[in-house]
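To start, the structure itself, in structure tokens.
Remember, it's a predicted structure, so these values are computed and weren't measured experimentally. Order of listing sets the numbers, starting from 1, for every ligand and every atom in it. Position 1 is the first residue of the sequence, and the numbers go up from there. Just so it is clear, the values below take in all heavy atoms, side chains as well, and ignore hydrogens, waters and symmetry mates.
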Amino acid sequence: MSTLSNIIENEDMEKILSEFTRLEDQCYLENAGSSLYPESLIYQVNQDLLRNVYMNPHSDKYTKDCVDHIRSSILRFYNTDSSKYSVIFTSGTTQSLKLVVESFQFAYDQNEVQNCGSFVYLRDNHTSVLGLREIASDKNADIIHISHDDFLNALNLSHSTSNLSMKGRNNRGGNSLLVYPAQSNFNGYKYPINCTEKIKEGCLDNYVKKNLCKINCDWYVLLDAASYLSTNKLDLSKCQPDFVALSFYKIFGYPTGLGALLVKNSSNEVLSEKRYFGGGTVDIVLSNEDYHMKRELFHERFEDGTIPFLSIIALKHCFDVINGLIPKVINNDLMDTISYHTYFLAKDLYLQLDLLYHRNGQKAVVFYTDSEFDDINKQGAIVTFNILRSDGSYIGYAEFQHMADLFRISVRTGCFCNSGSCQRHLNATNKEMKDMYKAGHKCGDEIDLVNGRPTGAIRVSFGYYNTFKDVDRLITMISQCFVHTKPKKVKRVRHQLDTKKSIKEEETKLLNEEEYFNKINLIDEQIFDSDITLCEMAIFPIKSCGAFKINSSWKIGSRGFEYDREWMVVKDNGVCLTQKQNTRMCLIKPKIDLKHHLLILNCQGMPALPLPLTIDDKKKANATFCQSKVCTDIIEGYDCGDEAANWVSNALGVSFLRLVKQSGEVKRLQKNKKDNSGPKLLSLSNQAQFLLVNKATVRWLRDEIKDPQFNDDIDQLTNRFRGNIVIDMEQELVERDWNRILIGKHEFKVEGPCSRCQMICIDQNTGDKTVEPLRTISEQFAGKLKFGIYLSYIGTVDGSKDCTLKLNTPVKPIINDDDISR
Ligand SMILES: *Cc1c(COP(=O)(O)O)cnc(C)c1O
């Protein structure tokens, strides 16, 4: 059996993996976003809650004792105790950070607002830290940001000039607060955490100047430990920041909504400016006079309202379960073991990616790291990078995300809420960042390249439940989809990985091989006078299910073709099910029987089920009205009853599904229309009323697909694109330049190209997944996954009310808007 980890024995690793069988074949590489909870944790928490009576800790001593016991477990986990640190429960890191700055006394003397200290932050912080400057500036603190390099240099210039003994006594500079991450959530770089002393000694004093004079201030350190603690040990007996912010889901995966602020007891007096008080934080409060006294006990002053006591009780089981699950191989310590295990996975990925080359010798990966994975004290279990094509151009992260989704690999793409690091690594100036924003790019959107430059990156992060198999899954996916050379294996030796030399020789051999993939020129003359016909029409009565092919003519309604996407399958959580999650959906082939006014559900191995096409008003009153989400819109509809629900659940092999018919009254409107033709009504189709596919383009694509395992004929390949209107002509790809089209007397407006996702990789006859045609489309169109065009209906050119579209009608495209006389 192959090695799973450099640190944890295979047998122990198997035991860990048995806690995550729910992943099935999903490869989870997003530990930095959230850890995953082991199954027995949920079981134990449930057992506890089922057996015990927990009450509001304000009224129940027993529950309060449990909570306080867990406070001390947390402190023990970080190798300290209540004589040195206090635990304040918060909703997470973000709230912990906010609480510190809201309460922090920047002025040396509370009555003197003049001499305020500074709020100093590293530019490479998480967005949640950047937002703190708004609070700090309201409190008259100077706002100062330090670059990555300056910060590390300042810490390395060991001896500070100021004299610690002089401080405090003669302080006129107020209190300054430094915030920085223990580990970058962008690329896993670990900043020094045992430098609190140096900072207090004044190694950053040079950055804090007022009127060009150096200021003598007292320094406090707020450590954002959210990313660091997910896979690392924090020993508060060795390093002692004044404040530590953390979120528990990043360590244990569960519970969410719970974090902590650890406060060094000797520094608690500087948190004197908390204004708000809520239930539980005061000893006395008068409701008709501005009089209240805060609680004596430090943490009680900061925990407004009822703390999430059941989540806190779950924490006890987090510590227990993790302790039982992870063998303490390194330093006899749980977190150190996780730290090394995950570090070596990340390092292995880093080395393998570093060895990926295209056939022409072009390196395939650019890294955004601040360490070369040669020191575990400087690097955590995160690898951040982008992929290049063989011509050196960037593959956008959105394109990568599509392929990753197809392979069921979960990674994070974009800027990961860390614009400072993103900007530094992508080499973008402030002006360029603003220009990208003006070009339409926003945090977290799909605009992954602006003028060929990446707006974000790919982040892979590892947790204790990952193994070398996950690394291999990702490497295989990347080489199969983007590099097309065989990946080179990195030898996996315990604690040492230096096999670069022997691998180099193999590389040079590969470089001489001829280039396998040829480029094509997409730009060609357009021919409009060729005979173009409407050769196929289809509707998809149930969203994401099989097509109903129309054999003569069909009516156009206010939302597109009649009965197109009128129904949807909804999960028990109310969310619409799509083929992305359940590929079997394409095997359900609904038919519309207009004569008998029926929707007939068909699926192999299932008896056909007829349902009424419409729900009449009398029945509507009794039908369950339900809401579901389709592409961020809330859709309302009527439940089609238990028989339909059971049929769909059986056909798809998923319990508790419901079939819902879109209600006639609720209108989905097509978004972002710049012209003033007015918004168009939509059914449950995703973007526009109609999708047009050109069969010539499909033939062209079929020729471009070189994968010998891909056996689709032209019709099968056409079916994957799920068009409503299929036209046939000689020329491929020309449809992208059309503005309007006439199909007989019916006029349509082109709304733009259709963005594709992994759904086109589902064989619509079998439900099997393939890599093609997504890979070839991506390659041919430089990462833009566009195929087919969206149309909306304008009306008939002769003004007649006949809205029936017939097969084999001639099609006339119009490129220029002026071209049409109406
Ligand atoms: C995740 C993260 C945060 C934010 O944590 P929340 O749980 O979302 O409040 C802040 N800083 C870093 C470094 C993080 O990784």
Side-chain angles (χ1 to χ4, degrees), residues 29-37 74 88-102 121-135 145-146 148 151 177-193 221-232 234 241 243-262 302 308 311-312 314-315 318 338-339 342 346 368-370 378-384 410-422 424-425 443-444 456-457 459-463:
L29 297 172
E30 227 291 88
N31 186 71
S34 170
S35 184
L36 294 179
Y37 50 82
I74 294 169
I88 298 169
F89 284 115
T90 64
S91 65
T93 304
T94 302
Q95 199 210 338
S96 300
L97 295 167
K98 230 172 118 189
L99 197 54
V100 172
V101 180
E102 274 171 355
Y121 64 94
L122 190 68
R123 282 177 216 160
D124 289 59
N125 266 307
H126 190 276
T127 311
S128 294
V129 172
L130 303 190
L132 297 175
R133 67 186 180 208
E134 308 295 319
I135 307 174
H145 45 82
I146 302 188
H148 172 84
F151 182 57
L177 180 66
L178 169 75
V179 195
Y180 73 98
Q183 171 177 295
S184 162
N185 71 308
F186 178 83
N187 63 10
Y189 180 75
K190 291 182 188 171
Y191 289 92
I193 52 171
V221 176
L222 165 52
L223 188 68
D224 174 358
S227 177
Y228 178 84
L229 290 182
S230 69
T231 51
N232 291 287
L234 175 65
F243 318 108
V244 180
L246 63 111
S247 295
F248 289 108
Y249 70 93
K250 286 206 176 167
I251 310 168
F252 304 114
Y254 181 89
T256 53
L258 184 65
L261 174 64
L262 310 182
F302 290 87
S311 299
I312 293 169
L315 262 191
C318 293
I338 292 179
S339 184
T342 53
Y368 302 120
T369 47
D370 288 306
K378 294 207 168 120
Q379 181 64 52
I382 299 179
V383 188
T384 304
S410 307
V411 298
R412 180 80 149 251
T413 55
C415 269
F416 337 123
C417 296
N418 192 324
S419 77
S421 290
C422 211
R424 178 163 66 88
H425 283 283
C443 248
R459 181 183 76 184
V460 175
S461 54
F462 295 93

Nearest-contact summary for [atom] - protein heavy atom, Å:
atom	result
atom 8 (O) of ligand 1	Y249 OH, 3.4 Å
atom 1 (C) of ligand 1	K250 NZ, 1.2 Å
atom 9 (O) of ligand 1	T94 OG1, 2.5 Å
atom 5 (O) of ligand 1	T93 CB, 3.5 Å

Below 4.0 angstrom from a heavy atom of N185, which ligand 1 atoms are there? Numbered from 1 as shown, please.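 It comes down to these atoms of ligand 1: 13 (C), 15 (O).
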
Atoms of ligand 1 less than 4.0 Å from D224 heavy atoms?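 Those of ligand 1 that fall under 4.0 Å from D224 are 10 (C), 11 (N), 12 (C), 13 (C).
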
Please tell me whether S230 and S35 have a donor and an acceptor in their side chains that are separated by less than 3.5 angstrom. no

Within a radius of less than 6.0 Å around NZ of K98, do more than 12 heavy atoms belonging to other residues, nucleotides or ligands occur? no

Do any nitrogen or oxygen atoms of [X] come within less than 3.5 Å of a nitrogen or oxygen of ligand 1?
X	value
S247	yes
Q183	no
Q95	no

Flag the pair F151 / D124 as yes when at least one side-chain heavy-atom distance between them is below 4.5 Å, and no otherwise. no

Look only at the side chain of N185 and the backbone of S227, and say whether a donor-acceptor pair between them is shorter than 3.5 Å. no

Taking every heavy atom of A346 against every heavy atom of V383, the minimum-distance pair comes out as O-CG2, 3.4 Å

Parallel, tilted or perpendicular: which fits the ring planes of Y37 and Y254, with parallel below 30° and perpendicular above 60°?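 Y37 and Y254: perpendicular rings.
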
So, 4.0 Å and heavy atoms of Y228: is ligand 1 close enough to count as a contact? no

Go through the steps to decide whether N232 and S339 satisfy the test side chain to side chain donor-acceptor pair (under 3.5 Å), and finish with yes or no. CA-CA 5 Å; N232 291 287; S339 184; 2.8 Å; yes

